[in-house]
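Report on the following structure.
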Protein chains: 2
Amino acid sequence: MTQKQEQLSKNQQIVLSIIEKAKGPLKAYSILYNVQRRGIKAPLQVYRALEKLIEIGKIHKIKSKNAFIACKNSDCEISKATAFSICNNCEHVKEIKNTKLSKYLSNFEDNSGMKYKKYNLEFFGLCKNCKLKQ
Amino acid sequence: MTQKQEQLSKNQQIVLSIIEKAKGPLKAYSILYNVQRRGIKAPLQVYRALEKLIEIGKIHKIKSKNAFIACKNSDCEISKATAFSICNNCEHVKEIKNTKLSKYLSNFEDNSGMKYKKYNLEFFGLCKNCKLKQ
DNA sequence: TAACAAACGTTATATTATAACAAATTAAGG
DNA sequence: CCTTAATTTGTTATAATATAACGTTTGTTA
């Protein structure tokens, strides 16, 4: 028997697979709509799965959108340190994987010398595509 | 006549004054409850004032809390670049004013060379007080 | 003072999220 | 294998957050 199975439950698997297949962040009720054929009937079933998936770092919540996206980063340490870029035009969201940035933020001390274990950063701008089209 | 009056309307003034007096971030419906004696009766009146106040940089929205806090920073450029520290224990929220950090983030380029005009950063940890008490 | 924009008031409703409770399932140790 | 505890589930109801749509009023500017 290994230490931790981290085996996902049925609902958790269903919700995760929908989020992983998606091209962008999904909203909770859109997930619900998408999984109703698979037996998940109530919002709470979705929210419970989401909560667990966030806890174990499989997905992140994009707070400015109240939407959920799969984690592509093996090293965001159970979702303690997240950074995203968000296009104001097409709403495209991408997780930022940048060692310098994450080191900088993880080591950041505020003016009183206080350090923080966790952060969430959301950048807004125009993605390349949308910039070209302007 | 000056260029821009930036004169706040009645409702905007009422909502702003409540937020400025508060010790921490306020939720929209708590604001509503607090201003009902002053003639504001409906959520929309509060949300409209909030929207405007955010737009002109007088307040910020703490996204992880769905709550609103007065801006103490004269230079956050109409709320384009915001950073907060949030205590996980007492929920104390403070706007971070740190030139190095804001320069670093304003100049940040992602791996594709993309730059962003706007960001929101929320740090989580234990504030000094709560750290001592542990 | 006409014309336009901004703000207002109001009702209704959409969207996002959680409480509470009982039943079913799973993991692990004796 | 059995039992105990923890987790997950299913379900109903409801809380909390936010916006749509409409017509009116106020404020600004030419």
Side-chain angles (χ1 to χ4, degrees), chain A residues 1-19 22 24-56 58-69 91 93 120 122, chain B residues 1-19 22 24-69 78 91 93 120 122:
Chain A
M1 312 304 161
T2 52
Q3 280 279 61
K4 276 190 186 176
Q5 280 286 109
E6 288 303 15
Q7 188 74 289
L8 295 179
S9 77
K10 197 191 73 181
N11 288 359
Q12 289 158 11
Q13 280 170 17
I14 294 174
V15 169
L16 179 58
S17 78
I18 292 282
I19 295 177
L26 291 181
K27 304 218 142 207
Y29 277 73
S30 129
I31 293 168
L32 174 59
Y33 177 80
N34 273 289
V35 298
Q36 280 180 329
R37 74 186 70 178
R38 297 218 240 164
I40 293 181
K41 289 172 189 160
L44 199 42
Q45 296 174 282
V46 172
Y47 280 103
R48 283 199 283 226
L50 290 172
E51 184 183 29
K52 185 69 179 186
L53 292 169
I54 289 172
E55 196 185 312
I56 62 176
K58 292 286 189 186
I59 65 172
H60 303 300
K61 180 173 186 178
I62 308 296
K63 296 200 177 146
S64 61
K65 290 185 173 300
N66 295 320
F68 304 86
I69 193 172
E91 313 245 309
V93 175
N120 179 57
E122 299 182 6
Chain B
M1 312 302 162
T2 51
Q3 279 281 60
K4 275 190 188 176
Q5 279 287 108
E6 287 304 11
Q7 187 74 290
L8 295 179
S9 77
K10 197 190 73 183
N11 287 359
Q12 289 158 10
Q13 279 170 18
I14 295 174
V15 169
L16 178 58
S17 79
I18 293 282
I19 296 176
L26 292 181
K27 303 219 143 205
Y29 276 73
S30 130
I31 294 169
L32 175 59
Y33 178 79
N34 274 289
V35 297
Q36 279 180 330
R37 74 187 67 178
R38 297 218 242 164
I40 292 181
K41 289 171 188 161
L44 198 42
Q45 295 174 282
V46 172
Y47 280 104
R48 283 199 283 226
L50 290 171
E51 184 183 29
K52 184 67 178 187
L53 292 168
I54 288 173
E55 196 184 312
I56 64 177
K58 292 285 188 187
I59 66 172
H60 303 298
K61 180 172 186 178
I62 308 296
K63 294 198 177 147
S64 61
K65 290 187 174 300
N66 295 320
F68 303 85
I69 194 172
I78 318 292
E91 313 245 309
V93 174
N120 179 58
E122 299 182 6

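Just so you know, these numbers come straight off a predicted model, no measurement behind them. Here is the naming used below: chain letters follow the sequence lines, and residue numbers restart at 1 for every chain.
At whole-Å resolution of the value, CG in B/L32 and C1' in D/dA18 are 12 Å apart. Rounded to an integer number of Å, the gap from CD of B/Q13 to P of C/dA7 is 12 Å. Rounded to an integer number of Å, the gap from CD1 of A/I31 to P of C/dA17 is 10 Å. Atom CD1 of A/I14 and atom C1' of D/dG10 are 13 Å apart (whole Å). Rounded to whole angstrom, the span from the CD atom of A/E51 across to the C1' atom of D/dT7 amounts to 12 Å. The distance from atom CG of B/L53 to atom P of C/dA7 is 10 Å, rounded to the nearest whole Å. As a whole-Å value, the separation of B/R38 CZ from C/dC8 P is 14 Å. When rounded to the nearest whole Å, the span between CD1 of A/I40 and P of D/dT11 equals 12 Å.
Contact between the side-chain N/O atoms of B/Q7 and the OP1/OP2 oxygens of D/dG27 is not found at any separation under 4.0 Å. The phosphate of C/dT15 has neither OP1 nor OP2 within less than 4.0 Å of any side-chain N or O from A/N66. For B/K52, no side-chain nitrogen or oxygen approaches OP1 or OP2 of C/dA6 to under 4.0 Å. Regarding contacts with the backbone of D/dT11, a side-chain N or O of A/K41 is found under 4.0 angstrom from either OP1 or OP2. Contact between the side-chain N/O atoms of B/S9 and the OP1/OP2 oxygens of D/dG27 is not found at any separation under 4.0 Å. When the side-chain nitrogen and oxygen atoms of A/N11 are compared with OP1 and OP2 of D/dT9, one or more of them lie within a distance under 4.0 Å. Using a 4.0 Å cut-off, some side-chain N or O of B/Y47 falls inside it from OP1 or OP2 of D/dA18. For D/dT9, the OP1/OP2 oxygens have no side-chain nitrogen or oxygen of A/K10 closer than 4.0 Å.
Closest non-hydrogen pair, A/S17 versus A/I14, comes out as OG-O, 3.0 Å.
Among the atoms of the strands shown, base atoms are found under 4.0 Å from some heavy atom of B/L44. Among the atoms of the strands shown, base atoms are found under 4.0 Å from some heavy atom of A/Q45. Residue contacts for B/K65: at a heavy-atom cut-off of 4.0 Å it reaches no nucleic acid atom on any strand shown.
Side chain to side chain, B/S9 and B/R48 fail the donor-acceptor criterion of an N or O pair below 3.5 Å.
Using the Watson-Crick or G-U wobble rule with both distances under 3.5 Å, D/dA30 pairs with C/dT1.
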Candidate pair A/H60 and A/V93, rule side chain to side chain contact (heavy atoms under 4.5 Å, CB included), full reasoning: CA-CA 12 Å; A/H60 303 300; A/V93 175; over 6 Å; no

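At a threshold of 4.5 Å between non-hydrogen side-chain atoms, the residues B/N11 and B/V35 do not count as touching. Looking at heavy atoms from C-beta onward, B/I59 lies out of side-chain contact with B/V15 at the 4.5 angstrom threshold. Using a 4.5 Å heavy-atom cutoff, the side chains of A/N120 and A/E122 are in contact.
In terms of position along DNA chain C, the nucleotide closest to B/G39 lies nearer the 5' end than the nucleotide closest to the other residue of the pair B/P43 and B/G39.
With D/dT8, D/dA18, D/dT11 as the candidates, the nucleotide lying closest to the side chain of A/Q12 is D/dT8.
For B/Y29 against D/dA18, a side-chain N or O and a base N or O form a donor-acceptor pair under 3.5 Å.
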